[in-house]
Amino acid sequence: MKMSKLFVETLRDFPSDAEVVSHKMLVRAGFIRKLTNGVYTYLPLMWRVLKKVEKIIREEMDASGAQELLMPIIQPEELWKESGRWDVYGKELMRFKDRHDRMLALGPTHEEVITWVAREGIRSYRQLPVNLYQIQNKYRDEIRPRFGLLRGREFIMKDAYSFDASQEGLEKSYEIMAQTYTRIFKRCGLETRMVRSDSGAIGGSLSHEFMVLVETDSGENDVLYCENCDYASNTNHAKTEMLPAVTNGGYTKFELVSTPNIKTIEQLSEFLKIEPSVICKSIVYIVDENPVLIMIRGDQNLEETKLKNVLRANELRIASALEIKEYLGVEAGFVGLKHVKCKVIADYSVKDLKNFVIGANKADVHYIGANWGIDFDLPELFDVRLSQKGEACPICGKPLKITQGIEVGNIFQLGTKYSEKMNAKFSDVDGVEKPFIMGCYGIGVSRTAAAAVEKFHDEFGIKWPKQIAPYEIIIIPVNVLDELQMKVANELYEKFQNAGIEVLLDDRDERAGVKFKDADLIGIPVRITIGKTIKEGLVEFKLRMSGNMEKVEPEKAYKLTLDYLNSDSV
RNA sequence: CGGGAUGUAGCGCAGUUUGGUAGCGCACAACGUUCGGGACGUUGGGGCCGCAGGUUCAAAUCCUGUCAUCCCGACCA
């Protein structure tokens, strides 16, 4: 492709409405253009990248034995009623009416449709296992789309669904997908961590996320990971031991103390001259319209996703001071267990507290010297605590680190959640009809490409991994009016084209600086510059990723390029 | 949905306080000079100043409403 013909416009400035690196870079380098909030046009360069990611996915999915199909984006209400998600999925599901007032939705995911496909098409265990996948646009009406391609309302996703006759079969399918995913991301030039996570709205028992760990502030997930071993977990699912802390308040007597206007743990700890870890913290949440009191140790924080799961809640939010007053009849800041009227649960962190401090359910006073079983009954215990960095790795015991992660893929063991509700069954070997044991497996295609930009860039632009770069090499004749330069450039260009290499020739009559800036910004992995030194028979061979450069003969540059593109390095 | 901010040319911005013919840089077109890290000069094209009302002789500017975008939170995976 000749640069003079390429449909692209690079910008001198970053767009002002972009926040994260990948968004800024992709807009500035002319890869994407926003049509409306969370909805983007993939311009030719971007589309090439996406097609490459898709190609890798297809090759690996096909190799794993999965089969590609394409389901409709438009889905009828009835199917979602069958699964029960029409009411549960919420506003994120984009719904609309057709001219006959029939309700339809744009698919945010395809469990319902694929279950229908299986129900229609699979009769016998002899047809199992089967894994079906598709690559298409998905629609989710996010409350707050942001971060460019990392969180759009319309995005490209590969979703696969496995059907097995048994749990053992599902586990095997799941394992195959886990391995396939690791290979897919590796081929895209991305190292991923397989992270245990919460199953969220999709449901099911076991799930893992594939995370690209990034230093930039662009992941939406906090990931605890171990540098010593493979352990990694989304903080919403981490199970770690707390660091040692003082849990005995040392009080000898259970009594009320005056704590005027002391409302936070920090203030209370300072006022009483005690560690926050001997305070039993009370947090009130409104859970599906009802108040719930959660007790947790003062130095610990609540993890809402865990809370949502243990309460089997659809919706929860922290209660306002007004609501606390209304439901519990006490000022926020002094809530405790005394005569409390709503549902109460506690985090495991409070279990070992002795002679501790707790709110008295009365303004301006707290209890000190409280003990479980004597002064208060220990509420039912759950794990609703947010794990913190520095806590020990559950596998090897080393302190965990925390970083941001971009979730590029996830895999779920769904079990019979959908097949049972939607009556999707097969005849098993014993002649009995049984619901399919299902798994589902997603990859954010557009997000994967954006994650690569988050991971690989510098101040000058994108550094595409060569496997997914829009073009593999760019040839820059410094001066297009120089006959010798152009002759060598054209010869190399044709040679690469004949070898099936995706090559750009910057034949624009621009100054060298402009061409270099554009090449860096767009992020083409290999650059061959043909300038003055061509008189001595030398061109410049430069790698975008490493910045390595050498002056060599054109023939050598050609060979170096092929070697690099065929090598394992990114 | 709560809090904050911003809407002026494709992109980045000034002008709004104090109402008086809409500007700058980049990009685009033409010509000339220049030519290895975003050149320079001259000329030119491009705007319903987000939208709708209102005040006024006169509104980008003041008032009301509305829509959109961005940030923080809530939410979501």
Side-chain angles (χ1 to χ4, degrees), chain A residues 8-20 23-24 27-30 33-39 43 88-93 108-109 138 140-148 150-153 155 157 195 197-203 207-211 217 219-223 234-237 285-286 304-305 308 313-320 322 405-412 440 442-444 447 459-461 476-482 485 506 508-521 527 529-534 538-540 542 549 551:
Chain A
V8 66
E9 183 185 31
T10 56
L11 305 175
R12 188 69 76 92
D13 305 292
F14 286 115
S16 63
D17 61 355
E19 190 70 11
V20 298
H23 189 192
K24 286 181 180 173
V27 173
R28 181 166 166 201
R33 196 83 171 182
K34 181 167 74 181
L35 176 62
T36 186
N37 199 358
V39 180
L43 294 164
V88 176
Y89 211 94
K91 289 181 181 164
E92 208 183 330
L93 183 64
T109 173
K138 291 283 186 281
R140 295 184 187 176
D141 198 359
E142 301 283 351
I143 288 176
R144 191 176 160 205
R146 52 179 157 175
F147 304 152
L150 288 174
R151 172 160 294 238
R153 292 194 294 174
F155 59 98
M157 181 172 171
V195 170
S197 73
D198 174 66
S199 305
I202 309 281
S207 75
H208 287 87
E209 290 169 346
F210 284 77
M211 293 273 193
D217 186 23
E220 298 193 84
N221 301 274
D222 289 325
V223 180
N234 195 316
T235 49
N236 71 18
H237 198 280
Y285 266 77
I286 304 296
E304 290 193 2
T305 305
K308 202 165 173 175
N314 282 324
E315 221 180 323
L316 56 75
R317 61 188 166 79
I318 196 152
S320 67
L322 270 178
I406 299 172
E407 178 193 345
V408 288
N410 50 28
I411 55 179
F412 296 90
C440 75
I443 290 179
R447 185 184 273 186
E459 57 182 312
F460 301 111
I476 300 184
V478 167
N479 184 352
V480 295
L481 302 176
D482 183 308
Q485 288 183 21
D506 197 344
R508 296 176 300 169
D509 184 10
E510 288 284 358
R511 310 181 107 234
V514 173
K515 298 188 183 188
F516 293 148
K517 291 285 185 195
D518 274 344
D520 287 347
L521 184 60
R527 185 178 96 194
T529 307
I530 299 152
K532 283 179 188 154
T533 55
I534 191 60
L538 295 177
V539 300
E540 183 183 300
K542 188 170 186 188
M549 190 267 276
K551 297 236 173 194

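By convention in this document, chain letters (A, B, ...) are assigned in the order of the sequence lines, proteins followed by strands, and residues within each chain are numbered from 1. Side chains are part of it too, since the values below use all heavy atoms of this structure and drop only hydrogens, waters and symmetry mates.
Straight-line distance between the P atoms of B:U6 and B:U64: roughly 16 Å, to the nearest whole Å. When the P atom is compared between B:C48 and B:A22, the two are found 13 Å apart, to the nearest whole Å. The gap from the C1' atom of B:A77 to that of B:G3 amounts to 25 Å, rounded to the nearest Å. Separation of the C1' atoms belonging to B:G12 and B:U61 is 22 Å when rounded to the nearest angstrom. Between B:G37 and B:G41, the two C1' atoms lie 23 Å apart (nearest whole Å). When the C1' atom is used for both B:G7 and B:G50, the distance is 6 Å, rounded to whole Å. Comparing B:G15 with B:G47, their C1' atoms sit 15 Å apart, to the nearest whole Å. Annotation: B:A60 and B:A52 have their C1' atoms spaced 16 Å apart (nearest Å).
Here A:K34 does not reach the OP1 or OP2 of B:U69: none of its side-chain N or O atoms lies under 4.0 Å away. Distances shorter than 4.0 Å separate none of the side-chain N or O atoms of A:R511 from OP1 or OP2 on B:C40. Between A:S16 and the phosphate of B:C13, there is a side-chain N or O to OP1/OP2 separation shorter than 4.0 Å. At the phosphate of B:A27, OP1 or OP2 sits under 4.0 Å from a side-chain N or O atom of A:R12.
Between the CD1 atom of A:I411 and the CD1 atom of A:I443 there is a distance of 10.0 Å, given to the nearest 0.5 Å. Once rounded to the nearest 0.5 Å, the distance linking CD1 of A:I476 with NZ of A:K515 reads 7.0 Å.
Rounded to whole angstrom, the span from the CD atom of A:E459 across to the P atom of B:G38 amounts to 13 Å. Counting to the nearest Å, the P atom of B:G50 and the CG atom of A:D17 are 16 Å from each other. Atom CD1 of A:I530 and atom P of B:G37 are 17 Å apart (whole Å). To the nearest angstrom, C1' of B:C1 lies 8 Å from CD1 of A:I143. Across the protein-nucleic acid pair, A:E142 atom CD and B:A74 atom P stand 15 Å apart, rounded to whole Å. Residue A:L11 contributes atom CG, which lies 5 Å from atom C1' of B:C11 at whole-angstrom precision. Atoms CG (A:L93) and C1' (B:A77) sit 15 Å apart, rounded to a whole Å. In this structure, A:E510 places its CD atom 9 Å from P of B:A27, rounding to the nearest Å.
When heavy atoms are screened at a 4.0 angstrom cut-off, A:K91 is found touching no nucleic acid atom at all. Residue A:R153 is out of contact with every strand shown, counting any heavy-atom pair closer than 4.0 Å. As judged by a 4.0 angstrom heavy-atom cut-off over every strand, A:F14 is placed among residues touching the sugar-phosphate backbone only. As judged by a 4.0 angstrom heavy-atom cut-off over every strand, A:E407 is placed among the base-contacting residues. Using a 4.0 Å heavy-atom criterion, one finds that A:E304 contacts the sugar-phosphate atoms exclusively. Note on A:L521: a base of the nucleic acid sits closer than 4.0 angstrom, heavy atoms only. Heavy atoms of A:D509 sit nowhere under 4.0 angstrom from any nucleic acid atom. A:K138 comes within 4.0 angstrom of nothing in the nucleic acid, heavy atoms only.
When distances are taken from the side chain of A:D13 to each of B:A74, B:C11, B:C76, the shortest belongs to B:C11. Looking at the side chain of A:D518, the nearest of the listed nucleotides B:C76, B:G38, B:C72 is B:G38. For A:E540, whose side chain is taken as the heavy atoms from C-beta onward, the closest listed nucleotide among B:C76, B:G36, B:G37 is B:G36. Closest to the side chain of A:A512, out of B:G12, B:G36, B:G10, is B:G36. The side chain of A:N410 has B:A77 as its nearest neighbour among B:C71, B:G12, B:A77. You'll find that the side chain of A:V514 is closest to B:A39, out of B:A39, B:C71, B:G36. Taking every side-chain heavy atom of A:N37 into account, B:U69 is the closest of B:U69, B:A74, B:G38. Candidate nucleotides B:C35, B:C71, B:G36 were compared by shortest atom distance to the side chain of A:R146, and B:C71 ranks first. Nearest nucleotide to the A:K517 side chain, out of B:C71, B:G37, B:G36: B:G37.
A side-chain donor-acceptor contact under 3.5 Å links A:R28 to the backbone of A:R12. Judged by distance alone, with hydrogens and angles left aside, the side-chain atoms of A:Q485 form a donor-acceptor pair with the main-chain N or O of A:N479 at under 3.5 Å. No donor-acceptor pair closer than 3.5 Å links the side chain of A:R33 to the backbone N or O of A:L43. Not a single donor-acceptor pair under 3.5 Å links the side chain of A:R153 to the backbone N or O of A:E142.
Map A:K551 and A:M211 each onto its nearest nucleotide of RNA chain B; the residue landing nearer the 5' end is A:K551.
Under the Watson-Crick and G-U wobble criteria, each requiring two contacts below 3.5 Å, nucleotide B:C24 is paired to B:G12. Shown here, B:U69 forms a base pair with B:A5; the pair counts as Watson-Crick or G-U wobble because both key distances fall under 3.5 Å. Nucleotide B:A60: unpaired (no Watson-Crick or G-U wobble partner with both distances less than 3.5 Å). With a cut-off of 3.5 Å on both Watson-Crick or G-U wobble distances, the partner of B:G36 is given as none. Across all strands shown, B:U42 pairs with B:A30; the Watson-Crick or G-U wobble distances both stay below 3.5 Å. In this entry B:U55 has no Watson-Crick or G-U wobble partner, no candidate having both defining distances under 3.5 Å.
Interface remark: the A:D520 side chain does form a donor-acceptor pair with the B:G37 base, using a distance-only criterion of under 3.5 Å. Scanning atom types as modelled, one donor and one acceptor separated by under 3.5 angstrom connect the side chain of A:R28 and the base of B:G38. Counting atom types as modelled, A:R508 pairs no side-chain N or O with a base atom of B:G38 as donor and acceptor under 3.5 Å. The base of B:C76 lies close enough to the side chain of A:R151 for a donor and an acceptor atom to sit less than 3.5 Å apart.
Contact of the A:Y89 side chain with the A:T109 side chain is registered, since non-hydrogen atoms from C-beta on lie closer than 4.5 Å.
Taking a cutoff of 4.0 Å between a charged side-chain nitrogen and a carboxylate oxygen, A:R146 and A:E19 do not qualify as a salt bridge.
Nearest approach of A:L150 to A:V20, heavy atoms of both residues: CD1-CG2, 4.3 Å.
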